[in-house]
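Step one of this worksheet: look at the structure below.
Chain letters run A, B, ... following the sequence lines, proteins first and then strands; every chain starts at 1. Note that this is a predicted model, so its numbers are computed, not measured.
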Number of protein chains: 2
Amino acid sequence: MNSELSVLLGDLVTVTHRLTRLAAQATGDSTSPAAWRTLSVLTSAGPMRIGELALASRVSQPTMTKIVANLNELEWIKRIADSSDARAWHIAIAPKGQNALNDWRYRLGAALEPLFADLSVRELGVLSEATDLIGDRITVQEMAA
Amino acid sequence: MNSELSVLLGDLVTVTHRLTRLAAQATGDSTSPAAWRTLSVLTSAGPMRIGELALASRVSQPTMTKIVANLNELEWIKRIADSSDARAWHIAIAPKGQNALNDWRYRLGAALEPLFADLSVRELGVLSEATDLIGDRITVQEMAA
DNA sequence: ATTAATTGTATAGCTGAACTATGTATATAC
DNA sequence: GTATATACATAGTTCAGCTATACAATTAAT
């Protein structure tokens, strides 16, 4: 096993832990991270069932049922009956939810921007590529799970 | 405001949210993320008081009191009385704690390694530099807070 | 075609980590 | 020496996550 990669990944997780925490404090966000993750998944992968959503967002199915119920009350998602299976629902992001997600991302960026304002164009590119690299691998994993 | 940076940071946080979650599930870790953050801070910045630790780890002082109490029971940290202030303590990471932290980082890396095994040397460098970039800015922020 | 097993979602109840408010003891200011 | 500020501890609450399980609909078996 590649121990260098191991250490790098450990550091990456530790550092992003703190970034996440800092971001939450900076935006004074009350919506749960899992809800944002869920909206984010719906945006990038399109409508899906509660069970699939639970896998993709890495929470248990009952937790996702609750998250969806909350998002539904906010009218941030739509529940669409599955015509071929009366037990199941298709969950789709609603316009309000898309707006909320965009707004959250924006506020997050605004809150953290001062910290990163000194980045060079090259460093910006590094961060951007790293984000893509991680995103690709997470997505692959989620689809496989 | 730089909206490109804004979007990038939003994406970064979203993606690392999911990475963190995935990592926690993959290692079956029961210790709280905040405890690992705390140990990580102690390792990189050396012994400090509970109040300082709370700021650095971005939790409230009572929360940190509890985290430190838990870590103390595990003998992962040492409480050292402040000779000049009987109210205060210096919290230092203990050898056991250093080992536990190293082990956690290792397990984390091992669990995530399969996902990242296909990285080129250049991409590895990108991830590494991104980690450093974020780490630097978080640290600066924590010290200022 | 019933019965049984499986699957998709919902509900109940628990745990634990975070918070605010406040208490206690020590330090500092006047 | 009394008052205020500071450092940590305690009490009590809230909420997100979990497991276990119920319920309903589908699928499989005989």
Side-chain angles (χ1 to χ4, degrees), chain A residues 17-18 20-39 41-42 47-74 76-92 145, chain B residues 17-18 20-39 41-42 47-74 76-92 145:
Chain A
H17 253 152
R18 291 201 266 168
T20 298
R21 183 85 193 159
L22 176 59
Q25 285 196 347
T27 59
D29 184 33
S30 65
T31 304
S32 87
W36 295 123
R37 272 201 308 275
T38 300
L39 290 176
V41 168
L42 285 176
M48 63 181 79
R49 294 167 165 216
I50 285 189
E52 294 171 323
L53 213 40
L55 279 175
S57 282
R58 307 243 144 219
V59 296
S60 68
Q61 171 266 308
T63 298
M64 185 49 66
T65 292
K66 199 176 178 186
I67 291 173
V68 165
N70 292 342
L71 292 176
N72 194 43
E73 274 194 31
L74 290 169
W76 285 8
I77 54 113
K78 284 174 294 201
R79 305 185 71 125
I80 302 163
D82 184 330
S83 52
S84 69
D85 187 337
R87 297 166 303 176
W89 300 91
H90 290 291
I91 309 301
Chain B
H17 252 152
R18 292 201 267 166
T20 298
R21 185 86 189 157
L22 176 60
Q25 286 196 346
T27 58
D29 185 32
S30 64
T31 304
S32 86
W36 295 123
R37 272 202 308 277
T38 301
L39 289 176
V41 167
L42 285 177
M48 62 181 78
R49 292 150 89 125
I50 284 188
E52 294 171 322
L53 214 40
L55 280 174
S57 281
R58 307 242 146 221
V59 297
S60 68
Q61 172 264 309
T63 297
M64 186 50 66
T65 292
K66 198 177 179 186
I67 291 172
V68 165
N70 292 342
L71 292 176
N72 194 42
E73 274 195 32
L74 291 169
W76 286 7
I77 55 113
K78 282 173 295 199
R79 306 185 72 124
I80 301 163
D82 184 330
S83 53
S84 71
D85 186 340
R87 298 166 303 175
W89 299 91
H90 291 290
I91 309 301

Checklist entry - If you look at every strand shown and take non-hydrogen atoms under 4.0 Å, does A:A69 touch a base, only sugar-phosphate, or nothing? => result nothing
Next on the checklist: From NZ of B:K66 over to P of D:dT13, roughly how many Å is that when rounded to an integer?
Outcome noted: 14 Å
Checklist entry - Can you tell me how far P of D:dA16 sits from CZ of A:R37, to the nearest Å? => result 12 Å
Checklist outcome for this item: Winner on side-chain proximity to A:A88, out of D:dG17, C:dG8, C:dA18, is C:dG8
Checklist entry - Is the shortest side-chain N/O distance from A:R79 to OP1 or OP2 of C:dA10 below 4.0 Å? => result yes
Checklist entry - For B:L55 and C:dC19, what is the distance between atoms CG and P respectively, to the nearest whole Å? => result 12 Å
Next on the checklist: Pair B:V59, B:T38 - check side chain to side chain contact (heavy atoms under 4.5 Å, CB included), show working.
Outcome noted: CA-CA 10 Å; B:V59 297; B:T38 301; over 6 Å; no
Checklist outcome for this item: B:L71 CG to D:dC8 C1', in whole Å, measures 16 Å
Checklist entry - With a non-hydrogen cut-off below 4.0 angstrom, is B:D82 in contact with a base, only sugar-phosphate, or nothing? => result nothing
Checklist entry - Can you tell me if the side-chain N/O atoms of A:R49 get under 4.0 Å from OP1 or OP2 in C:dG8? => result yes
Checklist entry - Given atom CE of A:M64 and atom C1' of D:dT19, what is their separation to the nearest angstrom? => result 17 Å
Checklist entry - Of all the nucleotides listed (D:dA9, C:dA10, D:dG17), which has the minimum atom distance to the side chain of B:Q61? => result D:dA9
Checklist entry - For C:dA18, does either OP1 or OP2 sit under 4.0 Å from a side-chain N or O belonging to B:T63? => result no
Checklist outcome for this item: With the side chain defined as heavy atoms from C-beta on, B:I50 is closest, among C:dT26, D:dT26, D:dC8, to D:dC8
Item to check | Salt-bridge present (B:D85, B:R49; N to O < 4.0 Å) | outcome: yes
Checklist entry - Quick one: on DNA chain D, does A:I67 or A:R87 contact a more 5' nucleotide (nearest heavy atom)? => result A:I67
Item to check | Rounded interatomic separation in angstrom, taking CG from A:L53 and C1' from D:dG17 | outcome: 16 Å
Checklist entry - Under 4.0 Å between a side-chain N or O of B:S60 and OP1 or OP2 of C:dC19? => result yes
Next on the checklist: With side chain to side chain contact (heavy atoms under 4.5 Å, CB included) as the criterion, how do B:D82 and B:W89 come out once you've worked through the C-alpha distance, each side chain's angles and the decisive distance to 0.1 Å?
Outcome noted: CA-CA 5 Å; B:D82 184 330; B:W89 299 91; over 6 Å; no
Item to check | Step-by-step side chain to side chain contact (heavy atoms under 4.5 Å, CB included) determination, A:R58 to B:L22 | outcome: CA-CA 7 Å; A:R58 307 243 144 219; B:L22 176 60; 3.3 Å; yes
Next on the checklist: Taking side-chain contact (heavy atoms from CB on, under 4.5 Å) as the criterion, tell me which of A:L53, A:L71, A:I67 meets it with A:I91.
Outcome noted: A:L53
Item to check | Integer-rounded Å distance: C:dG8 P and A:I91 CD1 | outcome: 14 Å
Item to check | Residue met sooner reading DNA chain D from 5', once A:P33 and B:D85 are mapped to nucleotides | outcome: B:D85
Item to check | Sugar-phosphate, base or nothing in reach of A:P62, heavy atoms under 4.0 Å | outcome: base
Checklist entry - When the distance from CD1 of A:I80 to P of C:dG8 is rounded to whole Å, what number comes out? => result 18 Å
